[in-house]
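What follows is a single structure, written as structure tokens, with notes after it.
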Amino acid sequence: MENNIPADIKDINLASEGKKRIEWAAREMPVLSQIQSRFAKEKPLKGVTIAGCLHVTTETANLAITLRDGGANVLLCASNPLSTQDDVAASLVADYGISTFAIKGENNDQYYDHINAVLDGKPNITMDDGADLVTAVLTSENPDLLSNIFGGCEETTTGVIRLKSLANEGRLKYPIIAVNDADTKHFFDNRYGTGQSTLDGITRATNMLWAGKTVVVAGYGWCGRGVASRATGMGSQVIVTEVDPIRALEAAMDGHRVMPMEHASKIADVIITLTGGLKAVDRSHFEVMKDGAVIANSGHFNVELDIDGLEEISNGKKEVRQYVEEYQLDDGRKIYLLGEGRLINLAAAEGHPSAVMDMSFANQALSSEYLAKNKADLKNEVYSVPHEIDAEVGRLKLEAMGIKIDALTKEQDHYLNSWNFGT
Ligand code: NAI
């Protein structure tokens with residue numbers, strides 16, 4: 001118990017540093033801040049309890065404060081054992097009265113204890129980054145849990161995939177809004193946010209020079225293309241591996257070399273996985289890597305690298321720097337695994353810059369309001385973020401950046417909406 005609210009955090013004395021950093025992030029989140037001001041007046045979430053399983057960062061803190069100001073009772077836990085910023089967790093409890101259950105480096109049991117702790121708060125809305133809360137609710141033996149919930153929001157690609165698969169099997173028991181799929185989310189957060197912060201995480205962990213390196217990017221989705229373009233900008237030679245022919249073609253025409261991982265792993269200085277899938281780098285790839293290769297994952301789960309396979313071919317490992325483990329292979333080669341194969345941008349750096357999370361979390365806040373207003377009309381399906389919300393977030397962000405754009409004249413609009421011109 002901290003501040004008389006239920007919580008489990010590392011150290012309450014870190015609160016003052018956390019508060020400074022939360023306020024610094026807020027400077028770069030003007031869209032969320034406008035929503036916060038409106039929420040504070042209108043209280044659209046009055047009486048609603050929201051359980052968030054998100055990366056506990058400065059940006060998430062600003063989202064939690066916005067929801068709280070909208071009248072919600074907010075409880076937070078971590079969506080990854082390594083992504084919590086302990087000073088932020090402390091400040092949320094001490095300065096903002098938000099129940100937070102998250103400790104950086106928590107073990108598997110603590111991770112699930114914390115998920116259960118937020119569910120003990122009897123949420124009406126679940127807010128996930130990776131669908132762990134929904135999964136815990138649906139597998140719980142407590143029927144009251146489900147009866148309180150009227151909706152949920154999902155932040156990331158991997159979570160949306162899991163939830164759509166539950167819905168297809170008819171096992172989703174409440175409506176979910178796929179925040180990830182909003183244009184103002186994945187076009188920007190996944191591409192520019194993951195692009196920048198993944199390189200930031202690897203740089204902080206290793207202090208390596210990107211110029212001149214051969215960098216292999218596995219997966220050319222929204223995240224992968226962001227990482228590839230930024231690595232190119234830093235002077236790396238980028239190789240992309242893909243399983244989708246269209247995405248592979250895009251990578252090739254964006255100027256990257258494209259080849260199977262079997263070949264890429266032999267020449268890589270650095271390999272980064274962002275596939276959302278399983279074992280993009282497997283034992284056979286580790287077997288042929290160059291001495292000194294650096295391997296990191298920035299996809300949601302730590303399953304993109306076959307770490308068991310790496311352990312099998314290694315005769316020892318040691319931590320040589322924070323977040324860097326050196327694996328020694330029988331023939332003397334060394335391979336460096338970063339951040340235990342977990343999201344490197346959150347493990348070794350601070351996650352996405354606030355300016356991009358501004359749009360993602362504006363979508364989260366407005367989607368929660370939408371769920372509260374429309375709960376009676378929604379089915380147990382995965383919904384897109386309503387277009388009006390997506391467009392409004394884009395409009396507000398442009399405005400905040402001081403960018404004006406043209407509007408169609410009546411004549412132009414008529415032309416674009418008619419079939420009988422141009423003959
Ligand atoms: P996406 O679906 O747009 O792209 C994934 C790409 O990987 C696809 O083009 C797919 O064909 C390719 N792929 C799948 N298996 C592969 C394999 N074995 N080898 C090579 N390519 C393969 O997904 P998006 O939005 O780029 O997300 C990727 C992952 O990153 C997800 O797990 C997502 O949840 C996570 N993510 C992580 C963030 C972070 O902060 N690090 C932020 C946002 C998303």
Side-chain angles (χ1 to χ4, degrees), residues 53-57 59-60 78-80 82-83 128-132 154-164 178-183 185-202 216-230 239-252 254 256 258-265 268 271-282 284-285 296-306 338-339 341-354 356-357 359-361 363-364:
C53 178
L54 302 165
H55 302 297
V56 180
T57 62
E59 295 79 21
T60 301
S79 57
N80 184 293
L82 275 189
S83 63
D128 256 314
D129 187 327
D132 282 350
E154 172 54 55
E155 170 75 8
T156 198
T157 315
T158 287
V160 172
I161 292 170
R162 292 175 84 187
L163 292 162
K164 284 188 176 161
V179 168
N180 179 71
D181 294 357
D183 290 350
K185 199 280 181 181
H186 67 278
F187 284 4
F188 302 94
D189 167 320
N190 300 30
R191 181 167 34 177
Y192 305 112
T194 314
Q196 178 172 323
S197 62
T198 298
L199 298 203
D200 183 19
I202 297 173
V216 173
V217 176
Y220 203 64
W222 290 102
C223 294
R225 64 189 67 180
V227 170
S229 78
R230 268 131 199 82
I239 297 173
V240 169
T241 69
E242 250 299 342
V243 292
D244 178 317
I246 314 284
R247 294 246 164 124
L249 204 51
E250 269 188 285
D254 283 345
H256 307 303
V258 179
M259 64 181 77
M261 185 58 86
E262 182 192 348
H263 301 309
S265 50
I271 302 183
I272 310 166
T273 51
L274 307 106
T275 68
L278 191 67
K279 297 185 185 174
V281 175
D282 69 16
S284 68
H285 304 132
N297 168 52
S298 210
H300 188 77
F301 284 119
N302 61 339
V303 296
E304 303 208 13
L305 307 172
D306 178 10
L338 306 190
R342 297 189 189 277
L343 301 152
I344 193 61
N345 61 332
L346 283 141
E350 295 175 66
H352 292 12
S354 320
V356 84
M357 294 314 294
M359 287 191 280
S360 308
F361 285 166
N363 277 296
Q364 285 282 10

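Both counts, for ligands and for their atoms, begin at 1 and track the order of listing.
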His55 and His300 aromatic ring geometry - parallel, tilted or perpendicular at 30°/60° bounds: tilted
First locate atom [atom1] of [X], then atom [atom2] of [Y], and finally report the distance between them rounded to the nearest 0.5 Å.
X	Y	atom1	atom2	answer
Thr157	His186	OG1	NE2	8.0 Å
Asn302	Ile344	CG	CD1	12.0 Å
Ser79	Asp128	OG	CG	8.0 Å

Charged N-O contact under 4.0 Å between Asp132 and Arg162: yes
Side-chain ion pair, Glu250 and Arg225, N-O less than 4.0 Å: yes
Any side-chain donor near an acceptor of the partner, Asn190 and Asn180, under 3.5 Å: yes
Short N or O distance, [X] and ligand 1, threshold 3.5 Å exclusive:
X	value
Arg247	yes
Thr198	no
Asp189	no
Glu242	yes
Cys223	yes

Considering only non-hydrogen protein atoms, determine which one is nearest to [atom] and report residue, atom name and distance to 0.1 Å.
atom	result
atom 42 (C) of ligand 1	Thr194 OG1, 3.3 Å
atom 25 (O) of ligand 1	Thr157 OG1, 2.7 Å
atom 35 (C) of ligand 1	His300 N, 3.6 Å
atom 31 (C) of ligand 1	Thr158 OG1, 3.3 Å
atom 28 (C) of ligand 1	Leu274 O, 3.5 Å
atom 30 (O) of ligand 1	Gly299 CA, 3.6 Å

For [atom], tell me which residue out of [options] has the closest non-hydrogen atom.
atom	options	answer
atom 39 (C) of ligand 1	Leu346, Asn345, Asp244	Asn345
atom 17 (C) of ligand 1	Asn190, Val227, Val243	Val243
atom 15 (N) of ligand 1	Thr275, Val160, Thr273	Thr275

Element-labelled atoms of ligand 1 that are located less than 4.0 Å from some non-hydrogen atom of [X]:
X	result
Thr156	33 (C), 34 (O), 35 (C), 36 (N), 43 (C), 44 (C)
Ser298	30 (O), 37 (C), 38 (C), 39 (C), 41 (N)
Thr241	20 (C), 21 (N)
His352	39 (C), 40 (O), 42 (C)
Gly221	1 (P), 3 (O), 4 (O), 6 (C), 9 (O), 26 (O)

Are the side chains of [X] and [Y] in touch, meaning some heavy atoms are under 4.5 Å apart?
X	Y	answer
Asp200	Asn345	no
His352	Tyr192	no
Tyr220	Asp254	yes
Phe301	Thr158	yes

Backbone of Pro260 reached by a side-chain donor or acceptor of His263 within 3.5 Å: no
